[in-house]
J.: 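Quick one: the structure is below, and I'll ask about it shortly.
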Amino acid sequence: MSRVMPPALTRAQSRALPSAAPRTSVALAAAGVAAMLLTACSTTSDAATSADGTSAATGSATRTVDSEFGEVTLPTDPQAALGMYTTDLDMLITLGVPLAQSQPIRDNGYSTFPSFFDQEALEGITPFTNFPEFSYESILAAQPDLVVNGLGYDESIGEKLSEIAPTYSFNGFDGSDWRVKFEALAEALGRTAEHDAWTEKYQAKVDDIRARLDAAGLDPVVGSVGVNDDQVTVSCYGTPCLVFDDLGLDITPLSDGEGAYLSFEEVGQLEGIDAVFTSMPPETDGSFADSFEALAGNAVWQQLPFVTEGQIFTSDLEMIYGSPSGQYAFLEEVEKALLP
């Protein structure tokens, strides 16, 4: 089943998705920021590395690894890592890498780190907004000794970050299974044991849920559904369909390929879906607005079984972008929905 992002996510999702042409909050040509970046670049360039891989400037050992964008030299024992996007931060937390004391978050309805992240690991760490506009000033001020950058769809981002600190870049939004990128990152950082521990924990949860579904004789048809302006969209972007696949659930064929884009008059085609999953940013109290408010007066929609039986389940938008905590949290959302 295709994992390529459909062009019509819900309005909240499409605004929130990292864009191939992001805006930046800092004009790097401005004198103040340019001076800081040049200083950082000079420090990096002047830090000679000895034959045993030790940086003369910091005394820390380094290793050269492969990435999607060629070889990159990284510290073997980073003490202040920074994740360019929240999914990158989550990967660092899961791999047990020590973090810089300030870390990026996105706006679009968020003022702090996602609630399903490891809050103990984030204790004492200050968030700063870094998406959809990027704050290179704040990144520089965080003084990272390693940056993990999943926004590799724009190579210029990695180039700017490498002037601040050693940077490992990958394209985390190319529609492929994020777990492939996570495994490669774990290998690059020498953290395969932590990666394997998460994988085993996740798979054990999948096996448990699947066994309970079988015991209950449940085999629902599921779909990831949203509203985009005057269309209802059915797609297979991100973690939802990865979780559905892992559980062996029957995914509506409307999700195939680039998905379906239905006018409000065509919502009858959703007949046959037993449970609908949708996502959006939470309200400040953790609740969610009605994603399908625009269909309140649509008689066909109101008669669909998943509507009449209350089988619409809303989760945090950040869960759909690939990361360990996001995938596990969405798995738990499916568990609560199907096995109440």
Side-chain angles (χ1 to χ4, degrees), residues 1-17 19 108-109 173 175 213 216-283 286-321 326 329-340:
M1 183 171 294
S2 172
R3 300 287 177 240
V4 177
M5 181 190 69
L9 300 173
T10 68
R11 277 180 293 181
Q13 291 171 347
S14 59
R15 285 198 303 267
L17 188 67
S19 164
N108 302 111
F173 295 89
L213 288 170
L218 297 175
D219 190 24
V221 177
V222 297
S224 182
V225 182
V227 174
N228 182 20
D229 294 327
D230 58 352
Q231 288 186 315
V232 174
T233 63
V234 188
S235 72
C236 231
Y237 178 77
T239 59
C241 278
L242 294 177
V243 170
F244 297 156
D245 278 345
D246 291 342
L247 288 171
L249 298 177
D250 188 1
I251 305 173
T252 173
L254 292 172
S255 300
D256 291 349
E258 293 188 348
Y261 316 99
L262 309 175
S263 69
F264 287 0
E265 290 74 25
E266 297 174 315
V267 295
Q269 295 182 36
L270 299 170
E271 183 82 39
I273 301 178
D274 298 310
V276 159
F277 293 84
T278 191
S279 57
M280 63 191 311
E283 303 291 334
S287 65
F288 296 97
D290 182 2
S291 298
F292 302 104
E293 182 179 4
L295 291 159
N298 186 301
V300 176
W301 171 266
Q302 293 299 330
Q303 293 175 9
L304 289 169
F306 62 79
V307 177
T308 61
E309 297 173 13
Q311 296 300 294
I312 298 176
F313 306 98
T314 306
S315 57
D316 191 325
L317 177 69
E318 282 277 58
M319 290 182 189
I320 75 170
Y321 308 127
F330 187 78
L331 176 64
E332 291 183 314
E333 292 293 312
V334 175
E335 176 187 26
K336 288 186 293 184
L338 301 184
L339 292 166

J.: Mind checking what makes side chain to side chain contact (heavy atoms under 4.5 Å, CB included) contact with Ser291, not counting sequence neighbours?
T.: Thr278, Met280, Thr314
J.: Ignoring hydrogens, what is the shortest heavy-atom contact between Leu338 and Pro220? Give both atom names and the distance.
T.: CD1-CG, 3.9 Å
J.: Who pairs with Pro253 by side chain to side chain contact (heavy atoms under 4.5 Å, CB included), at least two apart in sequence or on another chain?
T.: Asp256
J.: If you round to the nearest 0.5 Å, how far is OG of Ser315 from CZ of Phe330?
T.: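 These two atoms lie 5.0 Å from each other.
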J.: Do Leu249 and Val334 come within less than 4.5 Å of each other through their side chains, counting heavy atoms only?
T.: yes
J.: Do you know which two heavy atoms are closest between Val234 and Ser255, and how far apart they sit?
T.: CG1-OG, 3.5 Å
J.: Hey, what do you get for CD1 (Ile312) to CG (Leu304), rounding to the nearest 0.5 Å?
T.: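 Reported to 0.5 Å precision, the distance equals 8.5 Å.
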J.: Examine distances only and state if a side-chain atom of Thr239 and a backbone atom of Met319 form a donor-acceptor pair shorter than 3.5 Å.
T.: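 Looks like yes, one N/O pair under 3.5 Å.
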J.: Using side-chain heavy atoms (C-beta onward) and a distance below 4.5 Å, is Val232 in contact with Val225?
T.: yes
J.: Which atom names give the shortest non-hydrogen contact between Ser235 and Cys241, and what distance separates them?
T.: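 Heavy-atom minimum between the residues: O-SG, 4.1 Å.
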J.: Taking only residues two or more places apart in sequence or in another chain, which ones pass salt bridge (charged side-chain N to carboxylate O under 4.0 Å, His left out) with Asp274?
T.: none
J.: Are side-chain heavy atoms of Phe313 and Phe288 found at a separation under 4.5 Å?
T.: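 Counting from C-beta outward, Phe313 and Phe288 never come under 4.5 Å.
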J.: So which heavy atom on Val227 is nearest to which on Asp229, and how close?
T.: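 Scanning both residues completely, I find the closest heavy atoms to be CG1-O, 3.6 Å.
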J.: Can you list the residues that meet the side chain to side chain contact (heavy atoms under 4.5 Å, CB included) rule with Glu283, with sequence neighbours excluded?
T.: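 Glu283 satisfies side chain to side chain contact (heavy atoms under 4.5 Å, CB included) with Asp285, Ser287, Ala289 once adjacent residues are dropped.
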J.: Below 30° counts as parallel, above 60° as perpendicular, anything between as tilted: where do the rings of Trp301 and Phe306 land?
T.: perpendicular
J.: Taking Phe264's backbone N and O only, do any of them form a donor-acceptor pair with Gln231's side chain (distance below 3.5 Å, no angle check)?
T.: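 Here the side-chain-to-backbone pair does not exist.
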J.: Sequence neighbours left out, what passes salt bridge (charged side-chain N to carboxylate O under 4.0 Å, His left out) with Glu333? Give chain and number order.
T.: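 Once residues adjacent in sequence are excluded, the partners of Glu333 under the salt bridge (charged side-chain N to carboxylate O under 4.0 Å, His left out) criterion are Lys336.
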J.: With salt bridge (Lys or Arg N to Asp or Glu O under 4.0 Å) as the rule and sequence neighbours excluded, what pairs involving residues 292-319 come up?
T.: Arg106-Glu318
J.: Do you know which two heavy atoms are closest between Val222 and Phe277, and how far apart they sit?
T.: CG1-CE1, 4.1 Å
J.: Listed by chain and number, what are the side chain to side chain contact (heavy atoms under 4.5 Å, CB included) partners of Ser263, not counting sequence neighbours?
T.: Glu265, Glu266
J.: Kindly compute the distance separating CG (Leu262) from CG (Leu254), expressed to the nearest 0.5 Å.
T.: 6.5 Å
J.: What residues, two or more places apart in sequence or in another chain, satisfy side-chain hydrogen bond (donor to acceptor under 3.5 Å, both in side chains) together with Asn298?
T.: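 Residues passing side-chain hydrogen bond (donor to acceptor under 3.5 Å, both in side chains) with Asn298: none at all.
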J.: State, to 0.1 Å, how close Thr252 and Gly223 come at their nearest heavy-atom pair, and which atoms those are.
T.: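 Closest approach of Thr252 to Gly223: CG2-CA, 3.8 Å.
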